Structure formats: C-alpha cells, structure tokens
Amino acid sequence: RYREACRLAGVKAEFIKTFGGSDHNVFATKGIEGLVISNAMNSVHSCNEYTEVEELIRSTQIVRNLMTR
C-alpha cells in the first residue's frame, strides 16, 4: 500500500532499516506493526537542518494517498 501511495505521488518507495529512534519503537515493543515515513528532512539534528517545499509537498501527497486509497 505504501509503495502504491508513493508511486501515485511520483516517488520511488525505499524500505530501509535504520535502527534509529522513532515513536514507533514504543508501539513495536507492544507488537504493533508500523511504518516510519521519512518526512523531507535534510541534515537532520544539525544546525543546518532544512526541508524543501517540493519534498514537503510530496510527503503530504504520500500521506493523502495512504488515507484516501
């Protein structure tokens, strides 16, 4: 479903295990499966962190596709 939502937004879906922190880690300990979606952030957690409007729009399109398809 995520792959199709990305395709409709003109984005190639990539599935990467990062072992990084996210709020989903708490849910996972309770056996709840989920997907952490990248949200158009660059140079994360640095003084140079930024996002680009086009990336933010595409992220929004993906979420909209997930909710409406």
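Just so it is clear, the structure is predicted and the values come from calculations on it, not from any experiment.
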Supply the atom-to-atom distance His24 NE2 to Ile32 CD1, rounded to the nearest 0.5 angstrom. 8.0 Å

Transitive ILVMFWY cluster of Ile57, excluding itself - 4.5 Å side-chain cut-off: Val53

Set of ring-ring contact (aromatic ring centres under 6.0 Å, His included) partners for Tyr2, sequence neighbours left out: Phe15

Going by side-chain heavy atoms closer than 4.5 Å, which hydrophobic residues are tied to Met41, directly or by a chain of links? Val44

Please tabulate, one pair per line, all N/O donor-acceptor pairs under 3.5 Å involving side-chain atoms of residues 62-69, not counting sequence neighbours.
residue : atom : partner : partner atom : Å
Asn65   : ND2  : Ala5    : O            : 2.9
Asn65   : ND2  : Gln61   : O            : 3.2
Thr68   : OG1  : Arg64   : O            : 2.8

Taking only distance into account, with no hydrogens and no angle test, what donor-acceptor pairs under 3.5 Å do side-chain atoms of residues 7-14 form with protein atoms, sequence neighbours excluded?
residue : atom : partner : partner atom : Å
Arg7    : NE   : Glu4    : OE1          : 2.9
Arg7    : NH2  : Glu4    : OE2          : 2.7

Could you grab the distance from atom OG of Ser22 to atom CG of Leu35, nearest 0.5 Å is fine? 10.0 Å

Scan for salt bridge (charged side-chain N to carboxylate O under 4.0 Å, His left out) pairs involving residues 21-49, sequence neighbours excluded, and state none if there are none. none

Rounded to the nearest 0.5 Å, what separation is found between the CD atom of Glu54 and the OG atom of Ser59? 10.0 Å

